[in-house]
Amino acid sequence: MKRPTANQPIWFSRYESPLGVIFAAAAAEGVAELSIGADEASFLTKMRAKYGYQIIEMRRPFFGLFEKLDVYFDGLPVDFDLPVRLSGAAFETTVWKGLRTIPWGHTASYAGVALMIGRPKAARAVGGACGRNPLPIIIPCHRVLNADGRLGGYTGGVEIKIALLKIEGVL
């Protein structure tokens, strides 16, 4: 999981979900970003700032992402075994890989994820990595709760976290 190289285009598309528009961006190697609830201008500004490359709209779905999102939003378990292109610090990518192992319909605590990745004292840092997750739903940070079972935060807003957990039958 490497950062896209210079001069490589980033493609973007939009998916109409029950939660509103989801914008997706991808490099040649895989899906790089998902944004739930952002407007297009903000999403494109973020992509240009983060990647600094040409951003090209792609009208057709890529990497099978939208078909998998259709299944997900129908309330069925889906394996998001898509190629992904992540950019983040080593710790973040370790957390994100760990999050992908939390099964559909299950949750874990931030401390539990810290234990899972071999960093038992890093619960707060796990929370920070969740907050910087570039691929919500694919990397299911919505499945991570506080140790006492409270929801904690969510980049797209707690209401989106609640909706995703309801889809998975957790709430």
Side-chain angles (χ1 to χ4, degrees), residues 1-4 15 17-19 22-38 43 46-47 50-51 62-171:
M1 293 189 276
K2 302 174 189 168
R3 184 180 172 99
Y15 173 84
S17 84
L19 304 176
I22 295 176
F23 288 98
E29 297 79 11
V31 183
E33 299 275 342
L34 282 185
S35 183
I36 304 170
F43 178 73
K46 178 182 174 186
M47 293 303 94
K50 185 169 183 179
Y51 296 105
F62 40 83
F63 298 108
L65 170 63
F66 296 162
E67 292 84 355
K68 289 183 180 281
L69 286 172
D70 286 340
V71 172
Y72 181 87
F73 285 113
D74 281 344
L76 301 170
V78 62
D79 183 5
F80 284 100
D81 56 348
L82 303 166
V84 296
R85 186 66 182 232
L86 296 177
S87 59
F91 178 80
E92 291 170 335
T93 57
T94 298
V95 170
W96 298 334
K97 286 178 185 178
L99 295 177
R100 290 186 88 177
T101 68
I102 303 170
W104 166 280
H106 292 81
T107 60
S109 68
Y110 295 101
V113 172
L115 274 172
M116 175 194 325
I117 64 167
R119 300 282 302 273
K121 296 182 179 184
R124 282 188 189 266
V126 166
C130 287
R132 290 182 294 280
N133 175 9
L135 295 169
I137 303 175
I138 294 172
I139 298 172
C141 60
H142 62 278
R143 296 179 186 153
V144 184
L145 309 176
N146 291 332
D148 62 5
R150 288 181 296 129
L151 292 178
Y154 193 72
T155 301
V158 175
E159 53 284 336
I160 291 176
K161 185 173 190 171
I162 290 169
L164 295 173
L165 291 172
K166 283 182 177 179
I167 289 167
E168 295 186 19
V170 174
L171 298 179

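The residues of the chain are indexed from 1 along the displayed sequence.
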Identify each donor-acceptor pair in which a side-chain atom of residues 159-171 lies under 3.5 Å from a protein atom, sequence neighbours left out, and give them as a table.
| from | atom 1 | to | atom 2 | distance (Å) |
| --- | --- | --- | --- | --- |
| Lys161 | NZ | Val144 | O | 2.7 |
| Lys161 | NZ | Leu151 | O | 2.4 |
| Lys161 | NZ | Gly153 | O | 3.2 |
| Glu168 | OE1 | Gly105 | N | 3.2 |
| Glu168 | OE1 | Arg143 | NE | 2.7 |
| Glu168 | OE1 | Arg143 | NH2 | 3.3 |
| Glu168 | OE2 | Tyr72 | OH | 2.8 |
| Glu168 | OE2 | His142 | NE2 | 2.7 |
| Glu168 | OE2 | Arg143 | NE | 3.3 |
| Glu168 | OE2 | Arg143 | NH2 | 3.1 |

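Taking 4.5 Å as the limit, some side-chain heavy atom of Phe73 sits within range of a side-chain heavy atom of Leu19. No side-chain heavy atom of Leu135 sits less than 4.5 Å from a side-chain heavy atom of Leu82. The shortest distance between side-chain heavy atoms of Asp70 and Tyr15 falls below 4.5 Å. The closest side-chain heavy-atom distance from Ile102 to Val113 is below 4.5 Å. At least one side-chain heavy atom of Leu65 sits less than 4.5 Å from a side-chain heavy atom of Ile138. By the 4.5 Å heavy-atom criterion applied to side chains, Ser87 and Lys50 are counted as neighbours.
What you find for Ala32 and Pro134 is that their closest heavy atoms are O-CB, 3.6 Å. Closest of all the heavy-atom pairs between Ala122 and Phe91 is CB-CZ, 4.0 Å. Residues Thr155 and Gly131 come closest through the heavy atom pair OG1-O, 3.0 Å. Considering all non-hydrogen atoms of both residues, Thr101 and Met116 come closest at OG1-SD, 3.3 Å. Heavy-atom minimum distance, Gly152 versus Val158: O-CG2, 3.6 Å. Shortest non-hydrogen contact noted between Arg85 and Gly30 is CB-O, 3.8 Å.
Rounded to the nearest 0.5 Å, atoms SG (Cys130) and CD (Glu92) are 10.5 Å apart. Residue Ser17 holds its OG atom at 7.0 Å from CD1 of Ile137, rounded to the nearest 0.5 Å. The CD1 atom of Ile36 sits 12.5 Å away from atom CZ of Phe23, with the distance rounded to the nearest 0.5 Å. To the nearest 0.5 Å, atom CG of residue Leu99 and atom OG1 of residue Thr94 are 11.0 Å apart. Between the CG atom of Leu86 and the CG atom of Asn133 there is a distance of 8.0 Å, given to the nearest 0.5 Å. Once rounded to the nearest 0.5 Å, the distance linking CH2 of Trp104 with CG of Asp79 reads 12.0 Å.
In this structure a side-chain-to-backbone donor-acceptor pair under 3.5 Å is present from Asp148 to Arg150. Looking only at distances, a side-chain donor or acceptor of Trp96 sits under 3.5 Å from a matching main-chain atom of Ala129.
Tyr154 is linked by a side chain to side chain donor-acceptor pair (under 3.5 Å) to nothing, counting only residues two or more places apart in sequence or in another chain.
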